[in-house]
Every structure is written in C-alpha cells, then in structure tokens.
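Just so it is clear, the model here is predicted, and its values are computed rather than measured.
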Amino acid sequence: MYARKCTQLASFRIVRLMGWCEDVSMRSAAQCTFYSEALCGCPSIAQRQSHGNREWHLGVPYLFNGEDMNKVTKIAIICTAGLLASSLSACGGSSSSAGAESKEITIWTQTSGPDAEAQQATFNAYNATNPTYKVKMVSMKKETFNAKLATAARSGKDVPDIAVVASEEVPTWQSQGILAPWGDSLNGTKVTAAAYVPAAWKAGQVDGQQYGVPGTMPTWISYYNKDLVDKYVPGALDDGIITFDEIEAAGAKAKADGVYSYANAWPFQNYDNLYLQMGGTWLDDAHKISVDNKTSTAVFAELQKLADSGYMVPNGEDADKAFLNGKVIFMPEGTWMLNTFKDAKFKWGESLVPQWDVDNLVQCSGTDQYVIVKASAERSAEKMKGMAALMEWLQSNQLEMLKSGANPSATGMLENAEYTSMPQSFLLKDSKMSNAVNIITTPGLSYVNSEIDARAWDMIDKKADIASTMATIQKTVEQKVAQH
C-alpha cells in the first residue's frame with residue numbers, strides 16, 4: 001500500500017542535482033536519488049503520496065522513467081561502493097563520531113504530514129516507558145532523505161542509528177556498504193522470523209543476514225460493497241476470497257443496472273497480482289526480467305474480457321468516485337484509501353485482491369524496514385540491545401501508525417482489540433491470508449511496471465495488440481536495465 005510527490009506516474013524531474021548519482025543495480029528508486037533531490041513516479045514505502053487529486057500510500061517497487069533517468073546518469077559520476085565503505089567501520093556505528101555515546105536512538109524516516117505525526121506519537125509513547133535509550137525521530141521528504149543519508153554515510157559522521165526504508169531499498173543500501181546487520185543484538189529477543197509475516201521478514205534479508213526489521217505494511221487489496229455483493233453474487237465472500245469467476249458472474253447480473261463489478265484504478269498493481277496468480281515468474285533461466293510471455297498475454301486477455309463485457313469501469317472515469325456512489329461491486333485499491341472509503345453510505349469491507357486460482361493465493365504488498373546505518377564509531381552492545389528492545393516494543397504498539405489503513409508486519413498487534421477491529425486486520429487474522437503476502441523486490445521490475453502503467457489501457461481497449469505491446473515492453477525494459 002507512504003513524502004514523495006509524484007506529478008504523474010512514470011515521470012521524473014530533477015529538482016536539485018547534489019553533485020553526483022549512484023548508478024548500480026537499479027533495484028529501487030533510491031539508487032539514483034542518493035545524491036540528487038528529485039520528484040518521481042516511484043512508489044515504494046508506506047508514505048503519504050499524491051496521485052492525481054487523491055492521497056495514496058505505496059505498495060510495490062516502481063521506478064522512474066528510464067529516458068529521464070538516462071539524463072541523470074549522463075550528468076552524474078558513478079561512485080563505487082568502496083568509496084562509501086572506506087569511510088565506514090565494519091560494525092554498527094553511533095550517530096556521532098566523537099565523544100561519549102549518545103543515550104538517544106536517532107531514527108530518520110521518509111514521511112511527512114499525518115504519517116509523520118503518527119510515527120512521532122508512537123515513538124513518544126515508547127519514550128514514556130522510560131527506556132534507557134529514548135528515540136529521537138527526524139522526518140523528511142524522500143528526496144531529502146536519500147541525499148542526506150548518503151552524504152552522512154560517506155563521512156561516517158552524524159548518521160542516524162536507524163533509518164526507515166522500503167524493502168526494495170534494503171539490498172541497494174546494503175550493497176553500498178552503508179548498512180550493518182542486526183546480528184547478535186536480536187539474540188534472546190522476540191524479534192524473530194516467527195513474530196512477523198513471513199514475506200516481510202524475508203524482505204529484510206541480504207545474503208542470509210537480517211539487515212531490516214519489518215514495520216508497517218501497505219497493501220493493494222480489494223474493497224467491496226456488501227449490499228451489492230448480497231444482491232448480485234450472494235455468498236461469494238463466504239470464504240473471504242473474491243475470484244475472477246465471481247467478478248464475471250456479478251458483472252453479468254449487474255450490467256443492466258449500470259453497476260460495474262471491477263475497476264482497474266492502478267494498472268501495474270493489478271497486473272503484478274494477476275500475473276503471479278496465473279503462475280508467472282519475473283525472471284528467466286538466465287535470471288533476467290522476462291515478461292514477454294503467455295502469462296502476460298493471459299492477464300490482459302482477462303482484463304480485455306472484463307472491459308468488452310462492460311463489467312469494468314471504463315478508462316478515464318473516476319473509479320473511486322464510482323465505488324463511493326454505489327456503482328462498483330469489487331474495487332481493487334490500496335489500504336491507504338481507508339480514510340476515503342470509511343464514510344461510504346453503504347456497508348463495505350476489505351478482502352484479498354481478486355484471485356485467479358484459490359489454490360495459488362497471491363497478495364502483493366509493500367513493507368517498510370528498520371535498518372541500522374553504519375558510522376565511524378562502533379555502537380556499544382548496550383545501545384544495540386536498546387535498539388533491539390525498541391523493535392520488540394513496536395511489535396505490539398503500532399496502533400497510531402495503522403489508523404490510516406496499513407497493517408503491521410508483526411503479528412503481536414493481533415493482541416490489540418482496537419487493531420483487530422480495523423477492516424484491514426483480516427490480512428493478519430487468517431494465516432491463509434498472511435501467507436499469501438508477496439513482497440516484490442525483483443531488480444528491474446519497476447521498469448516493467450512503468451511501462452505497464454503507460455500502455456495497459458491501450459491493450460485493454462484494443463488500441464494496441466497485446467503480444468506486440470508486451471514485446472515492446474520487454475525490449476524497452478532490457479534497454480533500461482542495460483543502461484543502468
């Protein structure tokens with residue numbers, strides 16, 4: 001399902017070039033904003049965003065336009081990871097390079113507005129427990145965050161103890177020698193794989209080591225109008241799962257009443273989910289991105305079918321508004337839309353994103369990660385344990401950060417009655433649902449998603465051939481990957 005301001009999807013414009021730009025494996029939007037400040041269409045972390053005239057959070061990796069990225073790299077100078085690593089110690093460092101170790105845990109976050117306020121309220125509550133190491137939070141916009149973190153890491157001075165980053169950014173920052181693993185500091189604590197949604201915990205790992213501890217989890221789910229479900233497909237949600245067969249059945253009955261059974265408000269989100277549900281894989285045998293295949297064709301054939309049949313909200317119409325007006329039965333959207341939909345004048349609910357195969361449940365999601373930033377002075381074992389204690393406390397004390405719609409990645413929040421009364425909590429209450437969570441961190445997939453957003457409706461509306469368009473997307477993605 002989060003801050004960065006996106007003027008439009010798949011767009012990128014430089015605000016201020018800071019000197020030079022990292023250009024490495026291109027696994028996330030962080031890679032070429034390390035030393036530049038930018039506004040870009042690159043969804044990732046649970047931050048408040050602007051998409052058209054609405055606010056949203058982010059779910060899956062999504063990179064900026066490759067042509068514009070090329071403009072940056074022509075200006076930029078590539079700096080190797082060794083340059084950064086040479087100024088950092090091999091162990092976790094403190095937030096100051098000289099003097100006595102601070103009794104504060106400094107945390108940098110990439111949030112602003114209500115999300116930053118919710119984070120601050122959470123850390124204030126932790127500080128009120130009178131821990132040995134209290135938290136000092138510093139929030140900033142994404143572009144500022146990347147530039148400041150890279151600059152601080154290069155010098156090894158005045159770095160934060162912890163940074164909150166998107167899951168897909170963890171391998172990138174780690175490859176630059178900027179992060180330290182949590183390591184032994186988690187021994188003897190409740191911060192273990194068993195305490196988190198499996199995919200969220202795994203997303204914090206690099207080369208078998210735990211570099212990130214998962215935080216909140218924004219997700220692309222499905223909202224539904226209970227009244228319309230009961231009218232057109234009664235019993236469809238008895239198992240808590242919406243299938244495309246049920247969407248088609250509902251559409252056939254509702255069409256005469258001017259009601260749609262499906263909406264495609266954000267193409268790449270629906271494409272990613274349906275592609276994996278149909279058994280697609282992102283990498284070929286050579287471990288390269290491969291989407292020019294029968295699975296991609298099948299995805300758009302299904303979306304074409306829904307559009308041709310009149311079951312899908314047509315392109316260009318406001319799907320969110322149509323849902324609020326009682327004209328959409330099943331509405332795939334982000335958990336971040338909770339505050340928009342909660343006052344709807346009908347009974348509504350949340351479920352997994354629509355599924356193709358009930359025996360292969362796939363629910364794409366994003367999650368933020370708490371990572372340790374290296375510095376020139378080694379942190380004491382006591383401070384590392386203090387940081388681990390904070391992670392342990394957060395497992396069951398994230399309520400303020402969840403009120404905008406996100407889920408926690410830690411199952412400890414299931415003990416909180418207020419959280420379990422929230423509509424999004426279905427994702428953690430049922431292990432079948434939480435085990436379906438898939439957090440995508442595939443390098444290069446963001447280029448695919450950019451192209452899907454730009455070309456999806458031409459394929460759906462039959463203005464462009466599916467097979468030839470996917471071939472073009474494949475070629476474009478290969479070129480972008482080669483450039484970076």
Student: Check Ala265 against Glu333 and note the closest heavy-atom contact, atom names and distance.
Tutor: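 Of all heavy-atom pairs spanning Ala265 and Glu333, the closest is CB-OE2, 4.1 Å.
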
Student: Would you say NZ of Lys202 has more than 12 non-hydrogen atoms from neighbouring residues, nucleotides or ligands within 6.0 angstrom?
Tutor: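 Counting neighbours around NZ of Lys202, 12 or fewer heavy atoms of other residues, nucleotides or ligands fall under 6.0 Å, so no.
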
Student: Can you see whether Asn407 engages Tyr419 through a side-chain donor-acceptor pair at a distance of less than 3.5 angstrom?
Tutor: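 Note: Asn407 and Tyr419 side chains meet the donor-acceptor criterion.
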
Student: Among side-chain atoms of Gln119 and Thr111, is any donor-acceptor pair under 3.5 angstrom?
Tutor: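 Side-chain D/A pair, Gln119 to Thr111: present.
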
Student: Indicate the atoms forming the closest heavy-atom contact of Ser185 with Ala388, along with that distance.
Tutor: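 Reported closest heavy-atom pair: O-CB, 3.3 Å.
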
Student: Roughly how far apart are Leu179 CG and Glu169 CD, rounded to 0.5 Å?
Tutor: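 One finds 10.5 Å between CG of Leu179 and CD of Glu169.
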
Student: In chain order, what residues pass the ring-ring contact (aromatic ring centres under 6.0 Å, His included) check against Phe323, with sequence neighbours excluded?
Tutor: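 With sequence neighbours excluded, Phe323 shows a ring-ring contact (aromatic ring centres under 6.0 Å, His included) to Phe341, Phe346, given in chain and number order.
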
Student: Is any side-chain heavy atom of Asn339 less than 4.5 Å from a side-chain heavy atom of Ser404?
Tutor: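 Yes, side chains in contact.
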
Student: Testing the 3.5 Å rule here: is there a donor-acceptor pair between the side chains of Tyr196 and Gln395?
Tutor: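 Tyr196 vs Gln395: donor-acceptor pair found between side chains.
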
Student: Between Asn360 and Gln277 (side chain of the first, backbone of the second, donor and acceptor by atom type, cut-off under 3.5 Å), is there such a pair?
Tutor: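 Yes; at least one donor-acceptor contact below 3.5 Å.
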
Student: Closest approach of Val437 and Ser365, non-hydrogen atoms and distance?
Tutor: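 Of all heavy-atom pairs spanning Val437 and Ser365, the closest is CG1-CB, 3.8 Å.
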
Student: Can you confirm whether Val353 sits close enough to Gln269 that some side-chain heavy atom of one is under 4.5 Å from a side-chain heavy atom of the other?
Tutor: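 In short, these two side chains do not touch, never coming nearer than 4.5 Å.
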
Student: Grab the two heavy atoms, one from Ile452 and one from Phe268, that are nearest each other, plus how far apart they are.
Tutor: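 Shortest heavy-atom separation between Ile452 and Phe268 comes out as CG2-CA, 3.8 Å.
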
Student: Keeping Lys190 on the side-chain end and Ala195 on the backbone end, is there a donor-acceptor pair under 3.5 Å?
Tutor: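 No, because the side chain of Lys190 does not come within donor-acceptor range (under 3.5 Å) of the backbone of Ala195.
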
Student: Would you confirm whether Ser450, through its side chain, and Ser446, through its main-chain N or O, come within 3.5 Å as a donor-acceptor pair?
Tutor: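 Absent.
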
Student: So, does Ser351 use its side chain to make a donor-acceptor pair with the main chain of Ile241 at under 3.5 Å?
Tutor: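 Checking the backbone N and O of Ile241 against the side chain of Ser351, no donor-acceptor pair under 3.5 Å is found.
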
Student: Within the 4.5 Å heavy-atom criterion, are Val159 and Lys374 side-chain neighbours or not?
Tutor: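 Result no, sub-4.5 Å side-chain heavy-atom pair not found.
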
Student: Crowded around Asp184 CG? As in, over 12 foreign heavy atoms under 6.0 Å?
Tutor: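 No, because the 6.0 Å sphere around CG of Asp184 holds 12 heavy atoms or fewer from other groups.
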
Student: On a heavy-atom basis, which atom in Tyr133 and which in Glu101 lie closest, and how many Å separate them?
Tutor: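 Closest heavy-atom pair between Tyr133 and Glu101: OH-OE1, 3.9 Å.
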
Student: Go through the side-chain N and O atoms of Tyr223 and Asp320 and say whether any donor and acceptor fall under 3.5 Å apart.
Tutor: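 No pair is found: no donor N or O on one side chain lies under 3.5 Å from an acceptor on the other.
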
Student: Test Leu428 against Met433 for side chain to side chain contact (heavy atoms under 4.5 Å, CB included), laying out the working first.
Tutor: CA-CA 7 Å; Leu428 265 67; Met433 305 294 187; over 6 Å; no

Student: Measuring only between side-chain heavy atoms, which start at C-beta, is Trp356 closer than 4.5 Å to Leu274?
Tutor: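 Counting from C-beta outward, Trp356 and Leu274 do come under 4.5 Å.
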
Student: Do Lys480 and Glu451 have side-chain heavy atoms sitting under 4.5 Å apart?
Tutor: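 Yes. Closest side-chain heavy atoms under 4.5 Å.
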
Student: Side chains of Gln120 and Asn124: any donor to acceptor distance under 3.5 Å?
Tutor: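 Side-chain D/A pair, Asn124 to Gln120: present.
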
Student: Verify side chain to side chain contact (heavy atoms under 4.5 Å, CB included) between Val362 and Tyr275, making sure each step is shown before the conclusion.
Tutor: CA-CA 10 Å; Val362 175; Tyr275 181 87; over 6 Å; no

Student: With heavy-atom distances below 4.5 Å as the criterion, would you say the side chains of Met331 and Trp348 are in contact?
Tutor: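 Met331 does not reach Trp348 side chain to side chain.
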
Student: Given the side-chain rings of Tyr370 and Trp182, with only the six-membered ring counted for Trp, is the space between their centroids under 6.0 Å?
Tutor: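 No: the rings miss the under 6.0 Å criterion.
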
Student: CD1 of Ile440 to CG of Asp272: how many Å apart, nearest 0.5 Å?
Tutor: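 The CD1 atom of Ile440 sits 4.5 Å away from the CG atom of Asp272.
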
Student: Any chance you could measure Leu402, atom CG, to Glu418, atom CD, to the nearest 0.5 Å?
Tutor: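 Answer for the CG-CD pair, Leu402 versus Glu418, is 9.5 Å.
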
Student: Can you tell if the side chain of Trp266 reaches within under 4.5 Å of the side chain of Asp453, non-hydrogen atoms only?
Tutor: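 When only atoms from C-beta onward are counted, Asp453 and Trp266 do touch, with a gap below 4.5 Å.
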
Student: With distance as the sole test, does Lys134 use its side chain to make a donor-acceptor pair with the main-chain N or O of Phe123 at under 3.5 Å?
Tutor: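 Checking the backbone N and O of Phe123 against the side chain of Lys134, no donor-acceptor pair under 3.5 Å is found.
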
Student: Main chain of Asp357, side chain of Gln355: is a donor-acceptor contact present, judged purely on distance under 3.5 Å?
Tutor: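 Flag not set: sc Gln355 to bb Asp357 has no pair under 3.5 Å.
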
Student: So do Thr122 and Asn397 actually touch side chain to side chain, heavy atoms under 4.5 Å?
Tutor: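 Result no, sub-4.5 Å side-chain heavy-atom pair not found.
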
Student: Which is it for Met387 and Lys383 under the side chain to side chain contact (heavy atoms under 4.5 Å, CB included) test, yes or no, and what are the steps along the way?
Tutor: CA-CA 6 Å; Met387 292 158 60; Lys383 185 163 191 177; 4.2 Å; yes

Student: If you apply the rule side chain to side chain contact (heavy atoms under 4.5 Å, CB included), what do you find for Lys475 with Asp292, and how did you get there?
Tutor: CA-CA 9 Å; Lys475 182 177 181 181; Asp292 180 17; over 6 Å; no

Student: I need the Ile289 CD1 to Thr281 OG1 distance, nearest 0.5 Å.
Tutor: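 It is 9.5 Å, given to the nearest 0.5 Å.
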
Student: Once you round to the nearest 0.5 Å, how far does CG of Asn127 lie from NZ of Lys136?
Tutor: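 Going from CG on Asn127 over to NZ on Lys136, the span is 12.0 Å.
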
Student: Would you say the side-chain atoms of Gln474 and Glu478 include a donor-acceptor pair closer than 3.5 Å?
Tutor: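 Side chains of Gln474 and Glu478: pair found under 3.5 Å.
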
Student: Check whether the side chains of Trp220 and Asn270 place a donor and an acceptor atom closer than 3.5 Å, and report yes or no.
Tutor: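 Their side chains do contain a donor-acceptor pair, which is all the 3.5 Å distance test asks for.
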
Student: Spell out, as yes or no, whether a donor-acceptor pair under 3.5 Å connects the side chain of Asn293 to the backbone of Ser296.
Tutor: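 Yes.
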
Student: Verify whether one side chain among Gln424 and Thr335 offers a donor that lies under 3.5 Å from an acceptor in the other.
Tutor: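 On atom types as modelled, these side chains do not qualify, holding no pair under 3.5 Å.
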
Student: Can a donor-acceptor pair be found, under 3.5 Å and without considering hydrogens, that links the side chain of Gln110 to the backbone of Val164?
Tutor: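 It does hold such a pair.
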
Student: Kindly compute the distance separating CD (Gln369) from OG1 (Thr216), expressed to the nearest 0.5 Å.
Tutor: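 Result: 10.0 Å between the selected atoms.
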
Student: Is it the case that atom NZ in Lys288 sees more than 12 heavy atoms from other parts of the structure closer than 6.0 Å?
Tutor: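 Not more than 12 within 6.0 Å, no.
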
Student: Do you know which two heavy atoms are closest between Val191 and Trp201, and how far apart they sit?
Tutor: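 Heavy atoms only, the tightest pair is O-CH2, 3.8 Å.
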
Student: So, Tyr126 side chain and Ala121 main chain: donor-acceptor pair closer than 3.5 Å or not?
Tutor: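 Judged by distance alone, no pair lies under 3.5 Å.
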
Student: Backbone N or O of Thr367 within a donor-acceptor pair of the Ser167 side chain at under 3.5 Å?
Tutor: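 A pair under 3.5 Å: yes.
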
